[in-house]
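Here the structure is laid out as structure tokens; the discussion comes afterwards.
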Amino acid sequence: QVQLVESGGGLVQAGASLRLSCAASGRTYGLYRMGWFRQAPGKEREFVAGIRWGGIITYYSDSVKGRFTISRDNAKNTVYLQMNTLKPEDTAVYYCAATRNTWDTRRTSEYDYWGQGTQVTVSS
């Protein structure tokens, strides 16, 4: 099994930055893709960013491209989400996810493991 624990959420003003972390433990070998998703109240969980095992290839949703950066430190089994120029519409619970699938995916159904989530609130 794999355990994912997010941290770094909080309450900030519009325009500020936050960095989320996701620490993975357990059977982390072979987690070829990791991603960040978010879910706002009353909305479906949506893809935010993904990264391959090597950390070179990343992909983003259009709503965060250019503002958010995903990265990973395999030595620490940790994935990060640097969020800059935050907007009120970024307010949501942010979830870390991991999969042993070997293709890029934005679908929640194709991720095998999930963290408990961390709240990000952006005030206007």
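Sequential numbering from 1 along the given sequence is applied to the chain's residues.
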Q) So if you build clusters from Ile, Leu, Val, Met, Phe, Trp, Tyr with side-chain heavy-atom gaps below 4.5 Å, do Y60 and V122 land together? A) yes
(Q) Tell me the closest heavy-atom pair linking V93 and Q119, and the distance in Å. (A) CG2-OE1, 3.2 Å
Q) Given the rule in the side-chain contact (heavy atoms from CB on, under 4.5 Å) test, do M34 and I70 qualify, once you have shown the distances and angles that lead to the verdict? A) CA-CA 10 Å; M34 295 192 72; I70 187 172; 5.8 Å; no
**Q.** K65 and D62: CA distance, side-chain angles, deciding distance, salt bridge (Lys or Arg N to Asp or Glu O under 4.0 Å) verdict
**A.** CA-CA 5 Å; K65 194 176 298 182; D62 289 342; 3.5 Å; yes
Q: Let me see the working for S17 and N84 under side-chain hydrogen bond (donor to acceptor under 3.5 Å, both in side chains), right down to the final yes or no.
A: CA-CA 4 Å; S17 298; N84 297 330; 2.9 Å; yes
Q: Locate the shortest heavy-atom distance separating S21 from W36; write the atom from each residue and the value.
A: O-CH2, 3.7 Å
Q | CA sep, side-chain torsions, deciding dist, call: F68, S61, side-chain contact (heavy atoms from CB on, under 4.5 Å) | A | CA-CA 10 Å; F68 291 11; S61 68; over 6 Å; no
Q) Does the side-chain contact (heavy atoms from CB on, under 4.5 Å) test come out yes or no for T99 and Y113, once each step is laid out? A) CA-CA 6 Å; T99 177; Y113 307 100; over 6 Å; no
Q. Roughly how far apart are D112 CG and R33 CZ, rounded to 0.5 Å?
A. 12.5 Å
(Q) I'd like to know if the side chain of R38 reaches the main chain of V48, judged simply by a donor and an acceptor atom lying under 3.5 Å from each other, with no hydrogens or angles considered. (A) no
Q) What pair of heavy atoms forms the shortest contact from Y111 to T105, and how long is it? A) OH-O, 2.9 Å
Q) Do V2 and Y94 belong together in a cluster built from hydrophobic side chains that touch within less than 4.5 Å? A) yes
Q: Identify the two heavy atoms, one from S124 and one from P88, that lie closest to each other, and give their separation to 0.1 Å.
A: CB-CG, 3.8 Å
Q) Given side chains that start at C-beta, do those of I51 and I57 come closer than 4.5 Å, heavy atoms only? A) no
Q. Do side-chain atoms of R67 reach the backbone of T85 as a donor and acceptor pair under 3.5 angstrom?
A. yes
Q: Taking the side chain as every heavy atom from C-beta outward, state whether W114 and L4 have any atom pair closer than 4.5 Å.
A: no
Q: Answer yes if Y95 and V64 sit in the same cluster of Ile, Leu, Val, Met, Phe, Trp and Tyr residues linked by side chain heavy atoms under 4.5 Å apart, and no otherwise.
A: no
Q | Pairwise distance CG(L81) to SG(C22) - rounded to 0.5 angstrom | A | 10.5 Å
Q) Within the side chain of T118, is there an N or O that forms a donor-acceptor pair under 3.5 Å with the backbone of G9? A) yes
(Q) For the residue pair R52 and W103, would you count it as a cation-pi contact if the rule is NZ or CZ under 6.0 angstrom from the ring centre and within 45 degrees of the ring axis? (A) no
Q: Over all heavy atoms of both residues, which pair between R100 and Y32 is shortest? Give the atoms and the distance, please.
A: O-CD1, 3.3 Å
Q) Does the T78 side chain pair with the main chain of K76, one donor and one acceptor, at a distance under 3.5 Å? A) yes
Q: Applying side-chain contact (heavy atoms from CB on, under 4.5 Å), run through V120 and M83 and close with a yes or a no.
A: CA-CA 10 Å; V120 172; M83 306 185 295; 3.9 Å; yes
Q) Is the F47-F37 ring centre distance short of 6.0 angstrom? A) yes
Q. Is the side chain of T28 donor-acceptor paired with the backbone N or O of S25 at a distance under 3.5 Å, no angle test?
A. no
Q) Between E6 and C96, is there a donor-acceptor pair closer than 3.5 Å when you use the side chain of the first and the backbone of the second? A) yes
